[in-house]
Undergrad: 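The structure follows.
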Number of protein chains: 2
Amino acid sequence: MDRYLSNAVNRIDQKGRVSVPAHFRAVLAKRSEGDLYALRALDIPALDVGGLDLLDRYEARIAREDPFAQAADDMSFFCHGDGAFLKLDGDGRITVTDFMREHTGIGTEVAFVGRGQFFQMWEPARFHAYREEARARLSRSRRNQVGPRPLGGTE
Amino acid sequence: MDRYLSNAVNRIDQKGRVSVPAHFRAVLAKRSEGDLYALRALDIPALDVGGLDLLDRYEARIAREDPFAQAADDMSFFCHGDGAFLKLDGDGRITVTDFMREHTGIGTEVAFVGRGQFFQMWEPARFHAYREEARARLSRSRRNQVGPRPLGGTE
DNA sequence: ATTACGCTCAAGGGATATCATGGGCACACA
DNA sequence: TGTGTGCCCATGATATCCCTTGAGCGTAAT
């Protein structure tokens, strides 16, 4: 197993710690060494989290831009300035900081959502709402499609 | 860990000192020997700070200009002549000088912002405003994008 | 089939280390 | 004699480490 799949909701304890699902930790260990990289996602109240390989992907993307152009600067500002390293403690937990709470609205529980190459952290209610929106968008666009179906369904 | 990442706001004390975030100090120690070099960023009210390797970035840009042109001369003047060395004290703090305050508007607090190869110092409110601008620009360019997305939350 | 054991994992708590911040003191330079 | 600078230590908050608890689950034994 080398992809982040499925989702789980875990509770934040009084000291602000939350367990990263064991399955995600296993994937993480396979993809990168130790540290976790977290980033405030664009447009949605979630954090994108992964190993250092996730950061590498962003940096590779930035390297393709003219390093003195505005776009490269914005991208670096976003992924370096608005990102953070998370440390897993000995029990596989991370501490939820204000940095994370502000952007996501996370309070006492965190929804961990697998996204293949990375996973996300959401406030559970927002996650459920967003999931429904996403499903609705998909099924609407499938109905509007005349030719071959974009995704899924019965063939 | 060898890149400057995440951001933090620290308070300036009555003697004009401010702690450089411990994580940044660790990166600094790994990348360069002791010295910190600060320059006033072009176009934005921030300081670019790093080891002497920070100059590599600017010198690369100068190298791309015609050495007889005014622009190359101006750039060299700017990065070699208008920078300042910062001294870390025993507790990992630097003293905020007028040189820094003038350009940035820094008053009683400093926002340290990781930028990968270097980090920046901002007046916190200006930092927050600029961060929102940068995110808005990115999100706009993501929506206008037809093909694969340049960066960002959802893949 | 049902009970008992053992494993994994989320979650709680106490002790300790790290870090930002405040302040004292001495030395220099003006 | 002040003012700025460097060096040292004190403190409180937070993060980190280590150990414990208890629920869920599969497996094995009765």
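Because the structure is a prediction, the values reported are computed rather than measured.
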Undergrad: Just jot down the salt bridge (Lys or Arg N to Asp or Glu O under 4.0 Å) partners of B:Glu109, sequence neighbours excluded, or say none.
TA: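 Here no residue qualifies.
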
Undergrad: Would you kindly say whether B:Glu59 and B:His80 are connected by a side-chain donor-acceptor distance under 3.5 Å?
TA: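 B:His80 and B:Glu59 do have a side-chain donor-acceptor pair below 3.5 Å.
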
Undergrad: Please report the closest heavy-atom contact between A:Cys79 and A:Tyr58, naming both atoms and the distance.
TA: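 That would be SG-CB, 3.9 Å.
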
Undergrad: A:Phe24 CZ to C:dA10 C1': how many Å, rounded?
TA: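 That distance rounds to 15 Å.
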
Undergrad: Taking the six-membered ring of B:Tyr130 (Phe, Tyr or Trp), confirm whether the NZ or CZ of B:Arg137 is under 6.0 Å from its centre and within 45° of its axis.
TA: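 Here B:Arg137 passes the 6.0 Å and 45° test against B:Tyr130.
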
Undergrad: Could you check how far CZ of B:Arg11 sits from C1' of C:dC19, rounded to whole Å?
TA: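 Atom-to-atom, B:Arg11 to C:dC19, this comes out as 15 Å.
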
Undergrad: Output the rounded distance in Å from CD1 (B:Ile94) to P (D:dG4).
TA: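 Taking atom P of D:dG4 as the reference, CD1 of B:Ile94 is at 18 Å.
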
Undergrad: In whole Å, what is the span from the CZ atom of B:Arg25 to the P atom of C:dC19?
TA: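 After rounding, the reported distance stands at 7 Å.
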
Undergrad: Could you tell me the separation between the CG atom of B:Leu86 and the P atom of D:dT5, rounded to a whole number of Å?
TA: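 After rounding, the reported distance stands at 13 Å.
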
Undergrad: Treat primed atoms plus P, OP1 and OP2 as sugar-phosphate and everything else as base, then score nucleotides 10-26 of chain D 5' to 3': B for base contact with protein heavy atoms under 4.0 Å, S for sugar-phosphate contact only, - for none.
TA: ------BBBB-------

Undergrad: In whole angstrom, give the distance that lies between atom CD of B:Gln14 and atom C1' of C:dG23.
TA: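 Nearest whole value for this atom pair: 9 Å.
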
Undergrad: Angle between ring planes, B:Phe112 versus B:Phe119, binned at 30° and 60°: parallel, tilted or perpendicular?
TA: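 If you compare the ring of B:Phe112 with that of B:Phe119, the planes turn out tilted.
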
Undergrad: Taking for each residue the nucleotide of DNA chain C bearing the nearest heavy atom, is the 5' side occupied by A:Val9 or by B:Pro21?
TA: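 The residue closer to the strand's 5' end, by nearest nucleotide, is A:Val9.
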
Undergrad: Does any donor atom in the side chain of A:Ser19 or A:Asn10 lie under 3.5 Å from an acceptor atom in the other side chain?
TA: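 The criterion, which ignores hydrogens and geometry beyond distance, is not satisfied for A:Asn10 and A:Ser19.
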
Undergrad: In whole Å, what is the span from the CZ atom of A:Phe112 to the C1' atom of C:dA10?
TA: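 After rounding, the reported distance stands at 11 Å.
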
